[in-house]
Amino acid sequence: MNRWEQLTGGTTGEQYAARFAELADNGQDVHGEARLCATLVPRGARVLDAGCGTGRVLIELARLGYEGVGVDRDASMLAVARRAAPKLTWLEADLSEFDPVAAGIAPGFDLVVAAGNVFPLLAPGTEAGVAAALAGTLKPGGLLVAGFGLDREHLPVPPGLTLSQYDAHCAAAGLTLIDRFATWDAEPYHGGGYAVSVHRR
């Protein structure tokens with residue numbers, strides 16, 4: 001069981017979607033992740049949304065002209081995603097064991113995005129395996145983009161993953177850090193409790 005399942009019981013898809021719908025209805029921008037990804041790879045690129053949840057990021061990327069696949073372990077989240085965008089591909093799988101070929105999906109993604117605190121909410125001890133699995137889905141030159149909190153203010157659970165640890169996992173998976181931001185709006189990172197990291201295979 002990962003930290004997300006311990007926190008939610010794997011039954012919060014509807015509530016999660018409702019929270020973001022309310023933010024959007026109140027005029028807040030809820031598509032920063034997709035917008036940043038769109039600056040990193042050209043329209044038409046293949047994107048893997050790792051820990052896709054209710055599909056918010058991938059659905060927006062599809063609207064912008066990207067091809068994509070969403071993967072998540074939480075069935076309640078995927079149910080919302082499938083209802084919202086039935087023509088997109090949504091897979092229920094553990095990221096630490098995800099193999100696109102075994103799932104009937106061609107490997108060689110241009111970009112993998114892991115938004116929504118995916119890495120800090122993994123089961124402790126699986127972070128390196130997930131980094132390796134996601135790196136393995138990328139084509140040479142492909143990008144892994146992950147944004148997550150680093151302190152209690154930015155996480156729903158006590159922090160358990162540092163940036164240096166994350167970078168080490170990525171390096172072991174054959175990935176090189178090429179940029180780091182403080183937000184999904186690409187503000188420069190100078191330290192702080194949230195970071196968006198871009199690694200290249």
Side-chain angles (χ1 to χ4, degrees), residues 17 20 30-75 77-119 121-122 126-148 166-167 169-181 184-186 196-201:
F20 277 95
V30 296
H31 295 304
E33 300 98 329
R35 190 167 54 249
L36 177 60
C37 291
T39 69
L40 298 173
V41 289
R43 183 172 298 186
R46 295 183 69 229
V47 176
L48 175 67
D49 189 351
C52 64
T54 58
R56 175 177 53 86
V57 176
L58 185 59
I59 291 170
E60 178 65 8
L61 283 169
R63 189 188 70 79
L64 294 173
Y66 292 84
E67 297 182 32
V69 175
V71 181
D72 204 288
R73 173 171 167 152
D74 188 325
M77 293 283 203
L78 288 173
V80 176
R82 288 173 176 139
R83 185 173 67 245
K87 293 184 179 180
L88 295 180
T89 300
W90 308 103
L91 302 174
E92 185 175 343
D94 190 309
L95 292 179
S96 65
E97 303 170 351
F98 179 60
D99 178 354
V101 175
I105 302 295
F109 287 93
D110 298 289
L111 182 144
V112 174
V113 57
N117 288 318
V118 169
F119 272 89
L121 293 174
L122 295 170
T126 66
E127 298 91 349
V130 170
L134 296 182
T137 71
L138 288 168
K139 70 180 187 181
L143 303 175
L144 170 61
V145 185
F148 54 86
Y166 176 68
D167 287 342
H169 296 326
C170 288
L175 302 172
T176 302
L177 179 68
I178 62 168
D179 220 334
R180 177 159 283 146
F181 307 110
W184 288 97
D185 291 323
V196 180
S197 306
V198 184
H199 288 78
R200 187 187 305 278
R201 180 178 177 188

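The first residue in the sequence is number 1, and the count goes up from there.
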Could I get the full list of side-chain contact (heavy atoms from CB on, under 4.5 Å) partners for [X], not counting sequence neighbours?
| X | value |
| --- | --- |
| Ala62 | Leu88 |
| Ala186 | Leu36, Phe181 |
| Ile178 | Leu143, Val198, Arg200 |
| Ala93 | Val71, Phe98 |

Do [X] and [Y] touch side chain to side chain, with heavy atoms closer than 4.5 Å?
| X | Y | answer |
| --- | --- | --- |
| Leu61 | Cys37 | yes |
| Asp167 | Arg180 | yes |
| Leu177 | Cys170 | no |

Hey, could you give me the [atom1]/[atom2] distance between [X] and [Y], rounded to the nearest 0.5 Å?
| X | Y | atom1 | atom2 | answer |
| --- | --- | --- | --- | --- |
| Trp90 | Asp72 | CH2 | CG | 9.5 Å |
| Asn117 | Leu121 | CG | CG | 5.5 Å |
| Glu92 | Met77 | CD | CE | 12.5 Å |

Would you check, one step at a time, whether the test side chain to side chain contact (heavy atoms under 4.5 Å, CB included) holds for Asp49 with Glu33? CA-CA 11 Å; Asp49 189 351; Glu33 300 98 329; over 6 Å; no

Sorted by chain and residue number, the salt bridge (charged side-chain N to carboxylate O under 4.0 Å, His left out) partners of Glu127 (sequence neighbours excluded) come out as none

Residues at least two apart in sequence or cross-chain that pass salt bridge (charged side-chain N to carboxylate O under 4.0 Å, His left out) with Asp179, listed by chain then number, are none

Locate the shortest heavy-atom distance separating [X] from [Y]; write the atom from each residue and the value.
| X | Y | result |
| --- | --- | --- |
| Leu134 | Ala50 | CD2-CB, 3.8 Å |
| Leu78 | Cys52 | CD2-SG, 3.7 Å |
| Gly51 | Leu95 | N-CD1, 3.9 Å |
| Ala132 | Ala173 | CA-CB, 3.7 Å |
| Ile59 | Ala84 | CD1-CB, 3.8 Å |

Do the side chain of Arg43 and the main chain of Leu64 share a donor and acceptor less than 3.5 angstrom apart?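 Checking the backbone N and O of Leu64 against the side chain of Arg43, a donor-acceptor pair under 3.5 Å is found.
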
Could you list all the salt bridge (Lys or Arg N to Asp or Glu O under 4.0 Å) pairs where at least one residue sits in residues 57-71, not counting sequence neighbours?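 Residue pairs passing salt bridge (Lys or Arg N to Asp or Glu O under 4.0 Å), neighbours aside: Glu60-Arg63.
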
Please name all residues satisfying side chain to side chain donor-acceptor pair (under 3.5 Å) with Trp184, sequence neighbours left out, ordered by chain then number. Tyr194

For Arg35, all residues meeting side chain to side chain donor-acceptor pair (under 3.5 Å), sequence neighbours excluded: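 If we apply the side chain to side chain donor-acceptor pair (under 3.5 Å) test to Arg35, skipping adjacent residues, the hits are Asp29, Asp185.
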
Set of ring-ring contact (aromatic ring centres under 6.0 Å, His included) partners for Phe148, sequence neighbours left out: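 Listed in chain order: Tyr166.
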
What donor-acceptor contacts under 3.5 angstrom involve side-chain atoms of residues 101-115, with partners at least two apart or in another chain?
{"residue": "Asp110", "atom": "OD1", "partner": "Lys139", "partner atom": "NZ", "Å": "2.4"}
{"residue": "Asp110", "atom": "OD2", "partner": "Arg46", "partner atom": "N", "Å": "2.7"}

For Val47 and Val57, run side chain to side chain contact (heavy atoms under 4.5 Å, CB included): C-alpha distance rounded to whole Å, both residues' side-chain angles, the deciding distance at 0.1 Å, then the answer. CA-CA 10 Å; Val47 176; Val57 176; over 6 Å; no

